[in-house]
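Everything below concerns the one structure shown next.
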Amino acid sequence: LAGWNERDAVAFAAPFAEDGDTIGFDGSRHAGREDIATTIGGIFAHHPTGKYVGKVRRVRFIAPGAAILDAVAGI
């Protein structure tokens, strides 16, 4: 969220795995950290964007070092 809110495409893409995916609001798929950074960078360059707000609803620890995060985010 911080990378998006700072309009920094590289920072936005950094938490994704190298082969991670994200789905745009329009259903478009961005595959891989590099594609995510490039695509989001284009969005930041050509469109105003709102700020994301996130809310953690619950964290369930399912094993040592592993948890499930239940959260929501919106612009």
Show me, pair by pair, the donor-acceptor contacts under 3.5 angstrom made by side chains of residues 31-44, not counting sequence neighbours?
| from | atom 1 | to | atom 2 | distance (Å) |
| --- | --- | --- | --- | --- |
| Arg33 | NE | Phe16 | O | 2.8 |
| Arg33 | NH1 | Glu18 | OE1 | 2.7 |
| Arg33 | NH2 | Phe16 | O | 2.8 |
| Asp35 | OD1 | Thr39 | OG1 | 3.3 |
| Asp35 | OD2 | Ala31 | N | 3.0 |
| Thr38 | OG1 | Glu34 | O | 3.0 |
| Thr39 | OG1 | Asp35 | O | 2.9 |

Result block: side-chain N/O donor-acceptor pairs under 3.5 angstrom for residues 49-75, not counting sequence neighbours:
| from | atom 1 | to | atom 2 | distance (Å) |
| --- | --- | --- | --- | --- |
| Thr49 | OG1 | Arg7 | NH1 | 2.7 |
| Lys51 | NZ | Asn5 | O | 2.9 |

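Atom NE2 of His47 has more than 12 heavy atoms from other residues, nucleotides or ligands within 6.0 Å.
Every residue meeting the salt bridge (charged side-chain N to carboxylate O under 4.0 Å, His left out) condition with Asp21, not counting sequence neighbours, appears here in chain and number order: Arg29. For Asp19, there are no side chain to side chain donor-acceptor pair (under 3.5 Å) partners at least two apart in sequence or on another chain.
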